[in-house]
S.K.: 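Can you read through this structure? Questions will come right after.
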Amino acid sequence: MPFMRSFLLSFYLLMSFSVSAFQLEHKLNLKKAYPQADKIVANKKVPSLFDAYKGDEQIGYLIINTNYTESIGYSGKPIHMAIGVDKDGVIRGIQLLKHSEPIVLIGIPEPKLMKPFEKLIGYNVIKGFKEKTLEDNEIDIVSGATVTVIVMNDSIVSSVIKAFRALSVISDEEHAGKETRKLKKNMPNEPKTWQQLIEEGSVKNLHLTTGQVSQKFLEKGFTTAAQRVKTQNPNDTFIDLYMGMVSVPEIGENLLGKGEYRNLKERIVDGQQALVIAANGLFSFRGSGFVRGGVFDRFQVEQGDNTIRFRDQHYKRLRQLYAEGSPEFVEIGVFYLPKPTNGKSKFEAGDEFIFNLLISQAVGPREKRFFNAHLPYQVPDKFVDIVAPKPVVKQLQYVPEGGEAKSERNAANMKLVKSIWKGKHTQIIVLGVLLTILTLIFFFQNQLTKSAKWTKIVRYSFLTFVLIWLGFINNAQLSVVNILTFFGALINNFDWSFFLRDPLVFILWCSVAASLILWARGAYCGWLCPFGALQELTNHIARKLKTPQITLPWGLHERLWALKYMIFLGLLGVSLYSIETAEHLAEVEPFKTSIILKFQRTWPFVVYGLSLLVIGLFIERFFCRYLCPLGAGLAIPAKLKLFDWIKRYPNDCGSPCQVCAKECMVQAIHPEGNINMNECVNCLHCQVRYVDEEVCPVMVKKRKKRERREARESQSCRNKQSAHTHINLNIRS
């Protein structure tokens, strides 16, 4: 097929482009990277470094950050920068060379992105590193590009430090401190309560009240942010966060339970570590970045000059902690630190590290203010072999508060839920109106479908609103992951507060549960699914442009139905073993790529999502018909449907009439006339045909019979009128 040849060619070109080599010489501009220099020469001692010259005098160095740090941004690809540094470690210039950050490519101008880094010009990185004051040099965050700016800042500082270490300006002794702490091979492993784990330092706590956060914003001069974070009681918990290194057996078994700890040990490799982070309060440490693009944009782990940021593949969600006396938490997750490479890990498990939490507060539609809260962590001495005296470490830890009663924890959870729902007040009202309109459409479908024109207008208007408002603006796209999570919650301890934290998704799921009993899966799949709307609207445009439509043979079409059920059952089975793995495999759904990220993602996901839409131009709702695991998951309980709203003529539909079967957008009507409600999307087209007096054979017969009756009645009236006229004439004569 010509289309397939074009698609494969496009795929090849896209793949070739994505792996093209990064050419420094085509990008470097010394006026930006090092304004005082006029040439650069490769450093003889460090091949990955360049010496910067002014005339014949060397004045400093040019550092390419990706030679020293990964610098992986929101896109999952490196952000390449050139940094000019003088011999003392003072930054003289910064140039953004190449990146793939979607928000910058389509939304934020590059000058605006680079403006915060003007503060770094003239900053002495090496002095800050030696004096341990690097965290004092905070830069402003560009709203909408939080992850990008943080990654760039971390990469600039880290690459300068690592380059100067390679030059032996910073000695290994200065970097490593005055002690060596290595985890013991045979560590103690005893049952411990929650309180014991806290007291011995295995679990550390960061507790911030709204009053403390407001005060911090005031200290930084962010008055509006300080006012907006206030609550009626300044002692309300803003965030109450706990962290422990669960790759240490005693900590892991007590917090995770033996079963989950065993799963953890099977997941990580030798020398790899993992943290558990749990929190309550008004502020979420996870944020929503990992949902939109797979990046946890609100926190990172820092150790020396190494910065570790986590993506969704480094994360596993938990329902509870198992140490005796453990509080209930709204958010719990295990985060896997990087695996060792070449037998060496960039993270030293025995040394202290900092959990850096970015606290944000919106002060406008697209403007936020930020500050960093730090939680230092070091595994207790009993788990490590210490060689050399322990150095003095700067204490950054907030003073932990005592444990709260279970009822207070539950109240805090519900308070968080209430605050989320209050913030979504307008969206909830609009969604309620949308669902009410859909309900009225179904209840009064007999009146609506009398007009084919108005049925189309109502349907396409509804789908357009769903795609734009529900999908692109509010990202309320349901997923098979929601089903897997719900199923897992039923097996474990069910907690409503977890599901209540996303109001629009929660309301949608409640409406779907009700609609399955009334209208099977069609109410959601046919009317409320943003990706389904995208498929149908693009196909509608393709038809208007005379794009040929492909109708698969019934035998093949019927067998392909089974694919989505196989995918769903496979995901369900995997989720029983690992919900994390199931979530990754659920990328078979293009919803995240197309609706939530709007195709601002790495090329394999974009190609996959676009290819499904392109196929859908020729085979309407191709993904819905054959691949959608969410549709399969909804079709199974839809067997409980109590009512039959779709009307048929038992003695005529299918034999002899095949009009509806041929025109059904998803081929849900069997050749014999029966509608497979597992596949029907309730588009109402067959109901329009059901009352169409020009197309439906039954209605055509009724129309002709009525016309003959009306003709007879009309003729009879004319005859009577003629006879009456004849009598009058006789009387006059």
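Since this is a predicted model, take the numbers as computed values, not measurements. FYI, side chains are in, hydrogens and waters are out, and symmetry mates aren't considered; it's all heavy atoms of this structure.
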S.K.: Verify the neighbour count for atom NZ of K598: are there more than 12 heavy atoms of other residues, nucleotides or ligands below 6.0 Å?
M.R.: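 For K598, atom NZ is crowded (more than 12 foreign heavy atoms under 6.0 Å).
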
S.K.: Ignoring hydrogens and geometry, is there a side-chain-to-backbone donor-acceptor pair from N474 to A476 under 3.5 Å?
M.R.: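 Side chain of N474 to backbone of A476: no pair is present.
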
S.K.: Using a 4.5 Å cut-off on heavy atoms from C-beta on, say whether the side chain of L571 contacts that of V481.
M.R.: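 No, their side chains stay 4.5 Å or more apart.
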
S.K.: Does S479 use its side chain to pair, donor to acceptor, with the backbone of N482 at less than 3.5 Å?
M.R.: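 Side chain of S479 to backbone of N482: no pair is present.
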
S.K.: Does R689 come within less than 4.0 Å of E663, counting only side-chain N to carboxylate O?
M.R.: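 Salt bridge present between R689 and E663.
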
S.K.: Are F335 and F299 near enough that their ring centres are under 6.0 Å apart?
M.R.: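 Judged by ring-centre distance (under 6.0 Å), F335 and F299 do meet the cut-off.
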
S.K.: Donor-acceptor pair, Q658 side chain versus P671 backbone, under 3.5 Å?
M.R.: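 Yes.
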
S.K.: Taking atom types as modelled and ignoring hydrogens, do the side chains of N280 and E331 form a donor-acceptor contact shorter than 3.5 angstrom?
M.R.: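 Checked: N280/E331 side chains show no N/O donor-acceptor pair below 3.5 Å.
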
S.K.: Any chance you could measure R459, atom CZ, to L537, atom CG, to the nearest 0.5 Å?
M.R.: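 Interatomic distance, R459 CZ to L537 CG, rounded to 0.5 Å: 9.0 Å.
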
S.K.: Step by step, would you call L613 with L617 a side-chain contact (heavy atoms from CB on, under 4.5 Å)?
M.R.: CA-CA 7 Å; L613 289 177; L617 300 178; over 6 Å; no

S.K.: Any idea which heavy atoms bring L528 and V466 closest together, and the distance?
M.R.: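 Nearest pair, atom of L528 first, then V466: O-CG1, 3.6 Å.
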
S.K.: Please check if the side chain of R521 supplies one atom and the backbone of N678 the other of a donor-acceptor pair under 3.5 Å.
M.R.: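 Yes, because the side chain of R521 sits within donor-acceptor range (under 3.5 Å) of the backbone of N678.
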
S.K.: Stepwise, does the side-chain contact (heavy atoms from CB on, under 4.5 Å) test hold for L552 with Y626?
M.R.: CA-CA 12 Å; L552 297 182; Y626 308 125; 3.2 Å; yes

S.K.: Pair E558, N676 - check side chain to side chain donor-acceptor pair (under 3.5 Å), show working.
M.R.: CA-CA 11 Å; E558 191 175 28; N676 186 340; over 6 Å; no

S.K.: Hey, what do you get for CD1 (I619) to CD (Q535), rounding to the nearest 0.5 Å?
M.R.: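 Separation between the atoms: 11.5 Å.
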
S.K.: Taking the side chain from N682 and the backbone from A523, do they hold a donor-acceptor pair closer than 3.5 Å?
M.R.: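 No, the answer is negative, given that no donor and acceptor are paired below the 3.5 Å cut-off.
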
S.K.: Show, in sequence, the C-alpha distance, side-chain angles and deciding distance for K564 and E679, and conclude whether the salt bridge (charged side-chain N to carboxylate O under 4.0 Å, His left out) test is met.
M.R.: CA-CA 11 Å; K564 60 178 173 286; E679 307 301 323; 2.7 Å; yes

S.K.: Which value, rounded to the nearest 0.5 Å, describes the distance between I615 atom CD1 and F618 atom CZ?
M.R.: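 Interatomic distance, I615 CD1 to F618 CZ, rounded to 0.5 Å: 9.5 Å.
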
S.K.: Shortest non-hydrogen contact from R625 to V666?
M.R.: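 Smallest interatomic distance, heavy atoms only, reads NE-CA, 3.5 Å.
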
S.K.: How far apart are the C-alpha atoms of I507 and L435, what are their side-chain angles, what is the distance that settles it, and do they pass the side-chain contact (heavy atoms from CB on, under 4.5 Å) test?
M.R.: CA-CA 10 Å; I507 293 171; L435 294 175; 3.8 Å; yes

S.K.: Does the pair L448 and V688 meet the rule for a side-chain contact (heavy atoms from CB on, under 4.5 Å), with working shown?
M.R.: CA-CA 8 Å; L448 176 64; V688 172; over 6 Å; no

S.K.: Closer than 3.5 angstrom, by distance alone: can the side chain of T547 be matched with the main-chain N or O of A542 as a donor-acceptor pair?
M.R.: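 Yes, T547 side chain to A542 backbone: donor-acceptor pair under 3.5 Å.
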
S.K.: Do the side chain of Y608 and the main chain of V588 share a donor and acceptor less than 3.5 angstrom apart?
M.R.: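 Looks like yes, one N/O pair under 3.5 Å.
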
S.K.: Verify whether one side chain among T551 and Q667 offers a donor that lies under 3.5 Å from an acceptor in the other.
M.R.: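 The answer is no; no qualifying pair exists.
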
S.K.: Drop me the distance from N539's CG to L534's CG, to the nearest 0.5 angstrom.
M.R.: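 N539 atom CG to L534 atom CG measures 11.0 Å (nearest 0.5 Å).
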
S.K.: Compute both the distance and the angle, then confirm whether R298 meets the cation-pi test with F283: under 6.0 Å from the six-membered ring centre, within 45 degrees of the axis.
M.R.: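 Yes - R298 lies over the ring of F283, closer than 6.0 Å to its centre and within 45° of its axis.
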
S.K.: Work out which heavy atom in R317 is nearest to a heavy atom in Y315; give both atom names and the distance.
M.R.: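 In terms of heavy atoms, the two residues are closest at CB-OH, 3.2 Å.
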
S.K.: Specify whether H557 and W554 have parallel, tilted or perpendicular ring planes, treating 30° as the upper limit for parallel and 60° as the lower limit for perpendicular.
M.R.: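 Plane angle between 30° and 60°, so tilted.
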
S.K.: Counting distance only, does the side-chain N/O of Q687 pair as donor-acceptor with the main-chain N or O of Q445 below 3.5 Å?
M.R.: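 Flag not set: sc Q687 to bb Q445 has no pair under 3.5 Å.
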
S.K.: Students often mix this up, so state it plainly: with edges at 30° and 60°, are the rings of F443 and W519 parallel, tilted or perpendicular?
M.R.: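 Rings of F443 and W519: perpendicular, over 60°.
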
S.K.: What's the separation between atom CZ in R621 and atom CZ in F531, rounded to the nearest 0.5 Å?
M.R.: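 If I round to the nearest 0.5 Å, the distance is 10.0 Å.
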
S.K.: With a 4.5 Å heavy-atom cut-off, do I277 and F296 have their side chains touching?
M.R.: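 The answer is no, as the side chains (C-beta and beyond) never meet within the 4.5 Å cut-off.
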
S.K.: Any side-chain heavy atom of L478 sitting closer than 4.5 Å to one from Y524?
M.R.: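 A side-chain contact under 4.5 Å exists here.
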
S.K.: So, S575 side chain and L484 main chain: donor-acceptor pair closer than 3.5 Å or not?
M.R.: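 No, because the side chain of S575 does not come within donor-acceptor range (under 3.5 Å) of the backbone of L484.
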
S.K.: Does M665 reach the side chain of H685, with side-chain heavy atoms less than 4.5 Å apart?
M.R.: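 No - every pair of side-chain heavy atoms lies 4.5 Å or more apart.
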
S.K.: Nearest 0.5 Å, what's the NE2-NZ distance between H540 and K456?
M.R.: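 That separation rounds to 6.5 Å.
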
S.K.: Shortest non-hydrogen contact from F599 to S594?
M.R.: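 The answer is CZ-CB, 3.4 Å.
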
S.K.: Closest heavy-atom contact between A533 and L467?
M.R.: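 Scanning both residues completely, I find the closest heavy atoms to be CB-CB, 4.2 Å.
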
S.K.: Whether the side chain of S611 engages the backbone of V607 through a donor-acceptor N/O pair (distance < 3.5 Å, no angle test) should be reported.
M.R.: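 It does hold such a pair.
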
S.K.: Please find the pair of heavy atoms, one from Y649 and one from C696, that lie closest to each other, and give the distance.
M.R.: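 Shortest heavy-atom separation between Y649 and C696 comes out as CE1-SG, 3.6 Å.
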
S.K.: Do the ring planes of F591 and F623 sit parallel (below 30°), tilted (30 to 60°) or perpendicular (above 60°)?
M.R.: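 The arrangement is perpendicular - the two ring planes meet at more than 60°.
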
S.K.: Indicate, with yes or no, if the rings of W527 and F462 have centres closer together than 6.0 Å.
M.R.: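 Ring-ring flag for W527/F462: true, centres closer than 6.0 Å.
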
S.K.: Can you confirm whether the side chains of R648 and Y690 place a donor and an acceptor under 3.5 Å from each other?
M.R.: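 Side-chain D/A pair, R648 to Y690: absent.
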
S.K.: Is any side-chain heavy atom of I646 closer than 4.5 Å to a side-chain heavy atom of C686?
M.R.: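 Yes; the side chains approach each other to less than 4.5 Å.
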
S.K.: Counting C-beta onward and ignoring hydrogens, is there a side-chain heavy-atom pair between Q477 and C529 closer than 4.5 Å?
M.R.: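 Yes, at least one pair of side-chain atoms sits under 4.5 Å.
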
S.K.: Taking everything shown except R706 itself, do over 12 heavy atoms lie less than 6.0 Å from its CZ?
M.R.: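 Above 12, so yes.
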
